[in-house]
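Here the structure comes first, spelled out in structure tokens, and everything after it is commentary.
Numbered from 1 within each chain, the chains take letters A, B, ... in sequence-line order.
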Amino acid sequence: MLDIRIIRQDPDRISLALRNRNSDFDISAVLRLDEDVRKRKAEVESLRAQRNEIAARIAKAKREGTDVAHDVSLGANVARELSAVEADLVAEEERLAGLLALIPNIPHLSVPVGKDDSANQEIKRWGEVRQFSFEPLPHWEIGARLGILDMDRASRMSGSRFALLKGLGARLERALVNFMLDLHVKEQGYTEIFPPLMVNDKSMFGTGQLPKFKEDMFKIEGQEMYLIPTAEVPVTNIHREEVLSGDVLPVKYVAYTPCFRAEAGSAGKDTRGLIRNHQFNKVELVCLSLPETSYDALEGLTSDAEAVLERLGIPYRRVALSTGDLGFSSAKTFDLEAWLPSYNAYREISSCSNFEDFQARRAGIRFKRDVKAKPEFAHTLNGSGVAVGRTWATMVENYQNADGTVTVPDALVPYMDGVTVIGK
RNA sequence: GGAGGGGUGGCAGAGCGGUUGAAUGCGACAGUCUUGAAAACUGCUGAGGGUGCAAGCCCUCCGUGGGUUCGAAUCCCACCCCCUCCGCCA
């Protein structure tokens with residue numbers, strides 16, 4: 001959520017930012033409504049002041065035993081008028097809040113301006129893309145042949161876009177999760193979290209999934225509860241409605257969770273294998289930071305995610321998303337894209353974002369610099385560290401051998417009980 | 001799922017229709033004392049918003065949302081959450 005005061009002060013800047021994001025949101029409606037609300041609020045408050053004054057007078061008169069009838073009827077009139085004006089105010093305020101909740105974040109100045117992902121900017125590349133001496137197979141083929149990935153049976157029990165891992169395939173998934181968690185916890189100083197996988201609508205509002213992206217989530221029937229689309233939601237909301245003391249910042253959390261996405265509107269895209277499923281595993285990094293250091297924190301968080309790919313020897317590149325490709329809540333996002341031989345392209349495997357105070361304002365995550373200071377909104381960041389299913393796919397494809405086996409990279413061997421080749 | 005109990009400031013805990021934004025204690029903060037610290041004493045101590053150049057003035061908040069009333073932390077209704085016991089269950 002944007003600060004209404006910024007919209008008031010600098011509407012042109014907001015409008016430009018929205019246009020750069022391909023948003024047709026009409027700021028002027030917000031400004032008009034904001035003015036109405038403030039006018040109405042002044043009315044309500046002066047009526048309340050009158051009411052309070054009359055009530056105080058009656059209290060005093062009763063104590064002194066003087067007549068009260070005149071003030072009581074005066075008070076009744078004020079009360080009647082007040083309730084009418086108050087109802088108008090509530091309605092207007094709700095409308096304004098509803099509009100504000102739909103405005104995306106303002107991109108940071110460093111974000112490349114452009115209308116879609118073609119304007120994304122490559123920041124760096126790491127690793128050599130492997131040249132195969134044979135025709136490489138996609139991971140769903142490799143997995144099926146090795147008996148470690150079974151998409152057919154998964155769709156029989158659950159439908160399309162679900163995966164069944166088996167034997168060393170399941171083991172590999174678990175190995176990846178543990179490897180990533182160990183790296184982030186033991187070497188990079190994150191605190192491990194295992195959060196609830198269902199959250200209420202307030203939490204979904206806090207991180208920006210609601211109200212606009214309801215269709216992308218699985219809702220529990222008959223309840224105001226959703227399956228989490230990412231650990232970002234419960235983990236960022238750990239400190240919802242809290243005032244932290246400034247010296248605990250930065251707070252760094254890592255969580256492994258399954259993620260659930262309805263993926264409305266993605267029909268026909270990435271229909272095979274592990275790339276785009278309704279349920280997938282992810283290790284997520286979340287950081288709460290001081291405002292002035294949040295871009296350093298973004299750099300740190302992104303390189304913490306990159307370390308995962310580097311240890312696994314997976315070639316990747318880092319891309320700065322353009323204004324047109326940026327997510328709703330984000331002020332700046334780096335995507336990490338891993339080389340996927342079956343796509344003959346780099347595919348997103350991690351997305352690291354600085355939301356600045358956008359989520360913190362929605363979720364009420366604040367801090368005080370010291371005991372006397374006014375509370376300020378913290379900055380929130382998160383990034384995948386990294387998507388496990390996509391890593392599974394990328395690894396299996398990059399490490400496949402001509403005989404159909406898959407070599408296990410050194411960093412993972414201890415997590416695979418010493419297995420160095422899958423399929424031997 | 002059933003039966004009770006309870007949600008008040010950072011914490012504990014009063015208040016149960018009229019100077020109560022809220023007693024009291026603890027904590028925190030500032031100060032006095034002290035070579036320093038502790039103790040003791042004194043003072044202070046929530047958040048959000050409107051308006052104004054400012055000083056200030058005003059409004060809101062006692063789980064949440066409604067209602068009654070001139071006036072609600074206090075009365076009524078609904079919901080949410082927590083605790084205890086029983087049932088069920090990995």
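Rounded to whole Å, the P atom of B/A73 lies 13 Å from the corresponding atom of B/G17. Using atom P as the reference point in both B/U32 and B/G13, the two lie 35 Å apart (nearest Å). When the P atom is compared between B/U69 and B/C16, the two are found 23 Å apart, to the nearest whole Å. The same atom, C1', is picked in B/G10 and in B/G27; the two are 7 Å apart, to the nearest Å. As rounded to the nearest Å, B/U19 and B/U74 have P atoms that lie 14 Å from one another. Rounded to a whole angstrom, the distance from the P atom of B/C57 to that of B/U45 is 15 Å.
Between A/Arg38 and B/U51 there is a side-chain N or O to OP1 or OP2 distance below 4.0 Å. The shortest distance between the side-chain N/O atoms of A/Asn52 and the OP1/OP2 oxygens of B/C59 is below 4.0 Å. Of the side-chain N and O atoms in A/Lys374, one or more sit less than 4.0 angstrom from OP1 or OP2 of B/G48.
Classification of the A/Tyr256-A/Phe194 ring pair by plane angle, with boundaries at 30° and 60°, yields tilted.
We find that CD of A/Gln50 is positioned 13 Å from P of B/U60, with the value rounded to whole Å. Rounded to an integer number of Å, the gap from A/Gln223 CD to B/C79 C1' is 14 Å. If you measure from atom CG of A/Asp71 to atom P of B/G71, you get 12 Å, rounded to the nearest angstrom. At whole-Å resolution of the value, CG in A/Asp370 and P in B/A30 are 10 Å apart. Rounded to an integer number of Å, the gap from CG of A/Leu47 to C1' of B/G71 is 15 Å. When the P atom of B/A47 is taken as reference, atom CZ of A/Arg366 falls 8 Å away, rounded to whole Å.
The residue A/Lys41 sits close only to the backbone: its heavy atoms come under 4.0 Å of sugar-phosphate atoms, none of a base. Contact annotation for A/Lys372: backbone-only contact, meaning every heavy-atom pair under 4.0 Å involves sugar-phosphate atoms and none involves a base. Counting non-hydrogen atoms under 4.0 angstrom, A/Lys202 reaches nothing in the nucleic acid. Looking at heavy-atom distances under 4.0 Å, A/Asn77 makes no contact with the nucleic acid at all. Nucleic acid contact for A/Arg51: sugar-phosphate only, since backbone atoms but no base atoms lie under 4.0 Å from a heavy atom of the residue. Across all strands, A/Arg40 comes closer than 4.0 Å to no nucleic acid atom at all (heavy-atom distances). Within 4.0 Å (heavy atoms only), A/Arg5 reaches sugar-phosphate atoms of the nucleic acid but no base atom. Heavy atoms of A/Lys39 sit nowhere under 4.0 angstrom from any nucleic acid atom.
A salt bridge does not link A/Lys166 to A/Asp150: none of the charged side-chain nitrogens sits closer than 4.0 Å to a carboxylate oxygen. A salt bridge does not link A/Glu263 to A/Arg161: none of the charged nitrogens lies less than 4.0 Å from a carboxylate oxygen. Salt bridge A/Glu397/A/Arg347: absent, no basic N to carboxylate O contact under 4.0 Å. Comment: A/Arg51 does not engage A/Glu86 in a salt bridge, judged by the lack of any side-chain N to carboxylate O separation of less than 4.0 angstrom.
A/Asn398 and A/Thr394 share no side-chain donor-acceptor pair at under 3.5 Å.
RNA chain B is contacted by both A/Leu74 and A/Glu53; A/Glu53 maps to the nucleotide lying nearer its 5′ end (nearest heavy atom per residue). Taking for each of A/Ala49 and A/Ile58 the nucleotide of RNA chain B with the nearest heavy atom, the 5'-most of the two is the partner of A/Ala49.
Across all strands shown, B/U74 forms no Watson-Crick or G-U wobble pair with both key distances under 3.5 Å.
Relative to the side chain of A/Pro375, the nucleotides B/G48, B/G49, B/G71 differ in distance, and B/G48 lies closest.
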